Engineer: 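Got a structure for you, written out below as structure tokens; questions coming shortly.
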Amino acid sequence: MTEITASTPLTTLPTRKATARKTLLGQVPLDSPFYAFHPVTRLILFVFLGVIPLFIFIPEINFILLLVNLILLRWGKVDLRRLRIYMPIIFTVAIFMFTVVILAPGKDPSYTPLTVLGITIYYQPFFFTFASYWRLIAMLFGTILYFSTNHERDMLVGLRTLRMPFVVSYVISLSIRAAGMFMEDFRIIREAEQARGLDTKAMRFSDQAKLYVMYLVPLFSIALRRADEISNALFARGYTLTGRVGTGGKRSDYIRSRYVMRGRDWVAIFILVTIFAAVAIAQIFFGVFALTHSPLNIYLRTILNIPN
Amino acid sequence: MTTQTAKEIWTLEEGEVRKPGIVHVVMLALFTGIGIVVGTFGSLAVPIGFVSAFWPGQAVQSIGSIWFGWWGGIAAGLFPLISNSLSGSAPLPVSIAYLPANLLQGMIAGWAFRRFFADPSLRSGRDWWIWIIFGALLPNAIGAAWGTTMLVAFGLITQAAQPTAFLGWFIGNTIPTVILGSIILKFVSPLVVRSKAFCKGYWA
């Protein structure tokens with residue numbers, strides 16, 4: 001019989017090195033350039049790209065911002081095919097916005113009527129809607145970029161680095177984690193039903209809808225049990241709502257200690273904050289990014305002979 | 001086991017002390033998680049622009065405040081910020097602007113059930129009326145009015161388009177609230193009222 005000593009390994013398991021990282025919307029290779037930056041830098045990039053179109057009414061600039069988002073997604077090695085789930089919403093938003101502005105353009109007498117394919121549209125509200133659409137899409141892709149390249153832990157580290165109170169950062173991270181857990185529970189419930197012979201494909205749409213509603217009943221029951229388990233676990237580990245330990249001192253933060261701010265983070269944050277502030281001031285006080293400065297708007301008004 | 005009357009559900013027993021604790025914070029997070037899943041699926045299911053033709057998230061909002069008071073109300077305000085971002089139905093600044101309406105959409109039902117001592121398990125006709133009026137119709141009317149006003153303020157729709165958007169929003173939220181919310185309240189409330197996380201008051 002072979003003698004087992006402390007130095008001999010019991011089993012030799014094949015080691016598999018992770019090559020990709022799970023994000024909130026999929027997976028991204030570990031060598032994605034985004035991961036060279038601290039989570040707080042990525043969070044500030046999210047705020048920058050997600051909010052800056054609010055100050056920009058010129059559709060050309062928002063279109064460029066959209067391209068910047070797509071380039072960043074590509075640079076970050078995000079599988080762009082995953083973005084297909086957003087295609088219906090991108091199209092339906094356009095259909096909704098333009099249908100509404102055609103059917104209900106408003107009653108301002110200064111509006112210029114134009115007949116296009118036998119339909120009367122009014123130039124001013126139509127161009128305004130066109131510009132708003134690009135603002136919206138630019139903002140949406142800023143959000144999609146963040147959720148495509150970050151995991152809930154990145155969000156947690158980002159919030160804690162920004163000195164967000166413990167209870168707030170904990171609730172946000174647990175809620176995002178909980179969403180994943182409920183998806184998993186949902187899958188288990190469905191598989192359990194299928195294992196008992198339920199064929200949802202053979203069901204009518206109304207029955208499928210009813211079934212979907214009934215899934216929520218066990219999901220809520222699981223949530224109740226889980227709330228008890230998690231709160232007991234937190235209590236057993238001495239967690240308090242204030243984030244301080246029992247003696248009153250500050251609780252050490254292991255996750256945050258694993259991430260270090262580097263020079264490139266400070267440079268990136270400085271650039272993002274400066275551009276954001278400059279754009280906001282330029283629009284609020286000087287109207288630099290107003291719709292009247294859009295080259296396309298100026299061109300169309302010139303050829304259609306529409307006064308400003 | 002004896003069944004509690006509607007008034008007993010909301011009234012503190014003699015010597016009973018209820019305080020907010022970790023279980024409420026955890027429930028807030030888990031409830032937000034459920035809201036994220038339900039809200040995201042709803043927004044992606046039948047999207048018609050910023051307005052979903054079927055948004056069951058509102059049912060979760062009303063139920064949350066009935067069961068967990070302000071914790072459910074906070075979840076009602078918080079989860080659309082994330083679910084709207086994940087589904088792409090509204091960018092973050094617009095979702096932040098919806099926040100007051102989302103809080104109200106959540107809290108009106110919670111207030112009404114406590115104020116009028118309605119049974120969350122919807123046992124009587126009175127409970128049903130309170131649920132439909134304060135859990136579905138009124139919150140969705142307020143939510144749709146505020147939401148479409150914000151869309152106008154952000155320049156995403158014209159003022160003239162607001163009534164059409166209001167109608168789509170109101171109907172798209174009210175129908176799933178009545179169907180989904182009623183079933184959940186009926187079947188899950190008996191479990192919830194016996195749990196530690198249930199709030200007789202607004203915080204505990």
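In this text, all values refer to a predicted model and were calculated from it rather than measured experimentally. In what follows, chains are A, B, ... by sequence order, proteins preceding strands, each numbered from 1.
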Engineer: Of the backbone (N, CA, C, O) and the side chain (C-beta and beyond), which part of A:Y146 lies under 4.5 Å from a heavy atom of chain B, both, or neither?
Structural biologist: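 Looking at A:Y146, nothing touches chain B.
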
Engineer: What heavy-atom pair brings B:G33 and A:A178 nearest, and what distance separates the two atoms?
Structural biologist: CA-CB, 4.0 Å

Engineer: State, yes or no, whether a side-chain contact exists between A:I230 and B:L30 at a heavy-atom distance under 4.5 Å.
Structural biologist: yes

Engineer: Of the backbone (N, CA, C, O) and the side chain (C-beta and beyond), which part of B:F154 lies under 4.5 Å from a heavy atom of chain A, both, or neither?
Structural biologist: both

Engineer: Answer yes or no: is there a side-chain heavy-atom contact under 4.5 Å between B:K196 and A:N232?
Structural biologist: yes

Engineer: Is the shortest heavy-atom distance from the side chain of B:T164 to the side chain of A:L103 under 4.5 Å?
Structural biologist: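 They are not in side-chain contact.
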
Engineer: Taking side chain as C-beta onward, heavy atoms only, is B:L191 less than 4.5 Å from A:F220?
Structural biologist: no

Engineer: What closest approach, in Å, do B:A160 and A:P105 show between heavy atoms, and which atom pair accounts for it?
Structural biologist: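 Shortest heavy-atom contact: CB-C, 4.0 Å.
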
Engineer: Taking all non-hydrogen atoms of both residues into account, name the closest pair between B:V37 and A:A179 and its distance.
Structural biologist: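 Taking every non-hydrogen atom into account, CG2-O, 3.4 Å.
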
Engineer: Of the non-hydrogen atoms in A:L224 and B:F68, which two are nearest, and what is the gap between them?
Structural biologist: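 Closest approach of A:L224 to B:F68: CD2-CZ, 4.3 Å.
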
Engineer: If we only count heavy atoms from C-beta on, is the B:V26 to A:E229 side-chain gap below 4.5 Å?
Structural biologist: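 Side chain of B:V26 against side chain of A:E229, heavy atoms only: no contact under 4.5 Å found.
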
Engineer: Keeping A:R226 on the side-chain end and B:M27 on the backbone end, is there a donor-acceptor pair under 3.5 Å?
Structural biologist: no

Engineer: Taking C-beta and beyond as the side chain, do B:I36 and A:F182 meet within less than 4.5 Å on heavy atoms?
Structural biologist: no

Engineer: Hey, could you give me the CE/OG distance between A:M139 and B:S95, rounded to the nearest 0.5 Å?
Structural biologist: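 Reported value, rounded in 0.5 Å steps: 10.0 Å.
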
Engineer: Chain B: which of A:L140, A:L174, A:T143 shares the most heavy-atom pairs with it under 4.5 Å?
Structural biologist: A:L140

Engineer: Do the non-hydrogen side-chain atoms of B:V38 and A:L216 ever get within less than 4.5 Å of each other?
Structural biologist: yes

Engineer: Looking only at non-hydrogen atoms, find the nearest pair between A:A227 and B:V23 and report the distance.
Structural biologist: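 What the structure gives for the nearest pair is O-CG2, 4.1 Å.
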
Engineer: If you look at every heavy atom in A:I89 and B:S87, which pair is closest and at what distance?
Structural biologist: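 The pair with the smallest heavy-atom distance is CD1-O, 3.6 Å.
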
Engineer: Do A:D228 and B:S195 touch side chain to side chain, with heavy atoms closer than 4.5 Å?
Structural biologist: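 Not touching, per the 4.5 Å side-chain cut-off.
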
Engineer: Which of the residues B:I74, B:L180, B:L92 is involved in the greatest number of heavy-atom pairs with chain A at under 4.5 angstrom?
Structural biologist: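 It is B:L180.
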
Engineer: What part of B:W67 lies closer than 4.5 angstrom to a heavy atom of chain A: side chain, backbone, both or neither?
Structural biologist: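 B:W67 touches chain A through side-chain heavy atoms alone.
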
